Asker: 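Dumping the structure here so I can ask a few things about it.
For the numbers below, each heavy atom of this structure counts, side chains included, while hydrogens, waters and symmetry mates do not. Residue numbering restarts at 1 for every chain, and letters A, B, ... go by the order of the sequence lines. Just so it is clear, the model here is predicted, and its values are computed rather than measured.
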There are 2 protein chains.
Amino acid sequence: MPKLGMEPIRKAALVKATIVEIGRTGSLDVTVSQIAKRAGMSSALAHHYFGGKEAMFLAAMRHVLSLYGAEVRGALLSAEGPEARLVAILRASFSPTNFRREVVGAWLNFYVLAQTVPEARRLLAIYQRRLRSNLLICLRPLVGREADALADGLGAMIDGVYLREVLKAGPPDGAAAVSMLLAYLDAELKGNRQ
Amino acid sequence: MPKLGMEPIRKAALVKATIVEIGRTGSLDVTVSQIAKRAGMSSALAHHYFGGKEAMFLAAMRHVLSLYGAEVRGALLSAEGPEARLVAILRASFSPTNFRREVVGAWLNFYVLAQTVPEARRLLAIYQRRLRSNLLICLRPLVGREADALADGLGAMIDGVYLREVLKAGPPDGAAAVSMLLAYLDAELKGNRQ
DNA sequence: AAGTTTATTGACTCGTCAATCAACAAAAAA
DNA sequence: TTTTTTGTTGATTGACGAGTCAATAAACTT
């Protein structure tokens with residue numbers, strides 16, 4: 001049975017399964033066996049490839065974060081001008097790829113992980129900085145020195161919408177989330193354009 | 001040693017200790033022994049009074065939520081007019097009583113708990129509804145039919161600021177949080193006052 | 001063909017922890 | 001003063017789960 005070159009395949013399967021299990025149970029209280037089972041292998045093999053549970057969590061985080069990053073970069077490619085680029089960032093943040101029950105659940109638990117595991121904290125900090133910087137670049141030409149405050153506000157609201165999603169019933173509504181953010185943005189832009 | 005009438009005292013101590021321990025470790029992975037030790041008793045006694053760990057968590061949640069509720073109610077007493085009342089709600093939300101490292105950490109973990117434990121979900125839903133309704137009452141005379149959207153936006157941003165606080169270093173800055181929220185509010189009010 | 005590397009798992013170890021219990025002590029009620 | 005109620009804990013049980021290991025097997029190397 002043993003085919004060679006399994007490592008990347010197994011690792012990918014485990015990362016995916018980790019996200020699903022964390023999102024499904026809504027907590028970090030997931031056993032390695034659960035994850036391995038969902039990924040179709042024994043828990044021993046999971047340990048073999050990742051060395052431990054924490055490494056699996058971190059790999060899952062990196063994956064979610066890099067998916068999000070890619071989505072944002074992609075959306076920015078076809079957006080001209082500050083306003084369009086802002087909209088692109090928001091759309092990407094609430095695209096069906098990212099704004100899904102399991103992924104949102106995973107995000108929440110990554111924040112919890114960040115309280116204990118320095119590497120998790122580092123990864124989340126990178127995400128926040130990158131988002132902030134992306135927003136800032138668009139906002140500065142629009143609102144000048146108000147940009148910093150606005151970027152913080154938008155960042156907080158994005159995270160807040162994600163957080164609140166975990167309590168909502170039914171499928172996530174990304175469009176509604178984006179329009180809430182845009183309403184905030186428009187109000188601030190109008191107030192600053194006079 | 002056994003003095004009578006210990007029950008409420010012990011329970012209060014356990015609730016407090018639960019919040020501290022959850023906030024301190026930043027996760028729900030707290031043992032009953034840890035909590036009991038901090039509260040100055042044996043783990044068996046903690047079980048005796050609460051029956052189980054989950055009940056302790058829920059009691060801690062109720063306590064945090066009721067402290068917050070009391071703070072808001074108190075602040076609203078001495079506030080006249082919609083604008084002042086809005087400011088009062090925001091100030092209360094970021095008062096030093098609530099906006100503290102341990103409490104913020106506890107909040108985060110209550111969201112996690114809400115994913116698994118229906119009663120926890122119920123409690124958080126109550127908090128969200130009450131906040132929304134408080135905001136709505138103030139906002140309607142100010143912005144009419146925009147009130148609903150704005151209340152949701154403010155709620156999300158409040159939660160987002162709490163969430164982001166868990167990554168920040170140093171002591172929480174409630175004043176900064178309030179002014180961020182007020183900036184948002186002012187922008188929306190201005191845009192709607194014309 | 002012999003040896004090495006990679007893939008894979010069942011069984012096991014070892015620690016942890018929630019929950020229970022038996023036992024003891026003091027106050028209150030009878 | 002016996003009995004009951006309330007307070008309290010050390011010791012124990014029983015379950016569960018992370019991580020290890022020995023063993024097996026297929027594929028590559030020499």
Asker: Between the side chain of A/Arg101 and the main-chain N/O of A/Gly170, is any donor-acceptor distance below 3.5 Å?
Answerer: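 It does hold such a pair.
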Asker: Between B/Phe99 and B/Tyr162, is the gap from one ring center to the other below 6.0 Å?
Answerer: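 B/Phe99 vs B/Tyr162: aromatic centres under 6.0 Å.
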Asker: Would a 4.5 Å heavy-atom cut-off, applied to side chains only, mark A/Leu139 and A/Leu154 as touching?
Answerer: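 Yes, at least one pair of side-chain atoms sits under 4.5 Å.
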Asker: Within the pair B/Arg10 and D/dT8, is there a side-chain N or O less than 4.0 Å away from OP1 or OP2?
Answerer: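 Affirmative; the distance criterion is met.
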Asker: Check whether A/Lys53 reaches the backbone of A/Val30 with its side chain - one donor and one acceptor, N or O, closer than 3.5 Å.
Answerer: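 Here the side-chain-to-backbone pair exists.
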Asker: In whole angstrom, give the distance that lies between atom NE2 of B/His47 and atom P of D/dT13.
Answerer: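 Computing the B/His47:NE2 to D/dT13:P distance gives 17 Å.
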Asker: Rounded to the nearest angstrom, tell me the gap between atom CD in A/Glu54 and atom P in D/dG17.
Answerer: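 Whole-Å distance recorded here is 19 Å.
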Asker: Go through D/dA18, C/dT8, C/dA19 for me and flag the one nearest to the A/Leu45 side chain.
Answerer: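 Given the options D/dA18, C/dT8, C/dA19, the side chain of A/Leu45 is closest to C/dT8.
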Asker: From the options D/dG7, C/dT8, D/dA18, select the nucleotide whose nearest atom is closest to the side chain of B/Tyr49.
Answerer: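 Comparing D/dG7, C/dT8, D/dA18 against the side chain of B/Tyr49, the answer is D/dG7.
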Asker: Name the closest nucleotide to the A/Leu4 side chain, picking from D/dG19, C/dA18, D/dA27.
Answerer: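 When the side chain of A/Leu4 is considered, D/dA27 is the closest of D/dG19, C/dA18, D/dA27.
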Asker: Can you tell which of D/dT8, D/dT20, C/dA28 lies closest to the side chain of A/Ala44?
Answerer: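 Ranking D/dT8, D/dT20, C/dA28 by closest atom to the A/Ala44 side chain puts D/dT20 first.
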Asker: How close or far is atom P of D/dG7 from atom CG of B/Leu14, stated in whole angstroms?
Answerer: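 To the nearest whole Å, that distance equals 13 Å.
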Asker: So which one's nearest nucleotide on DNA chain D is more toward 5', B/Glu7 or B/Ser43?
Answerer: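 Nearest-nucleotide comparison on DNA chain D picks B/Glu7.
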Asker: Please walk me through it: do A/Lys37 and A/Glu21 pass salt bridge (Lys or Arg N to Asp or Glu O under 4.0 Å)?
Answerer: CA-CA 10 Å; A/Lys37 188 172 187 181; A/Glu21 283 300 296; over 6 Å; no
Asker: Roughly, in whole Å, what's the span from CG in A/Leu28 to P in D/dA18?
Answerer: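 Taking atom P of D/dA18 as the reference, CG of A/Leu28 is at 12 Å.
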Asker: May I ask you to say what A/Gly51 touches in the nucleic acid, namely base, sugar-phosphate or nothing, with a heavy-atom cut-off under 4.0 Å?
Answerer: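 Result for A/Gly51 = nothing.
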Asker: Rounded to the nearest angstrom, tell me the gap between atom CD in A/Gln34 and atom P in D/dA18.
Answerer: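 Computing the A/Gln34:CD to D/dA18:P distance gives 9 Å.
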Asker: Give the rounded distance in Å between these two atoms: CD1 of B/Ile9 and P of D/dG7.
Answerer: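 From B/Ile9 CD1 to D/dG7 P: 10 Å.
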Asker: Where the side chain of A/Thr31 is defined as all heavy atoms beyond and including C-beta, which of D/dT8, C/dC17, D/dG17 is the nearest nucleotide?
Answerer: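 Selected nucleotide (nearest to the side chain): D/dG17.
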Asker: Between P on D/dT9 and CE on B/Met6, what's the gap in Å once rounded to a whole number?
Answerer: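 Spelled out: CE on B/Met6 to P on D/dT9 is 11 Å.
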Asker: In whole Å, I'd like the distance from the CD1 atom of B/Ile35 to the P atom of C/dA19.
Answerer: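 Roughly 11 Å, once rounded to whole Å.
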Asker: NA contact type, A/Gly52, heavy-atom cut-off 4.0 Å: base, sugar-phosphate, or nothing?
Answerer: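 Sugar-phosphate, no base atom in range.
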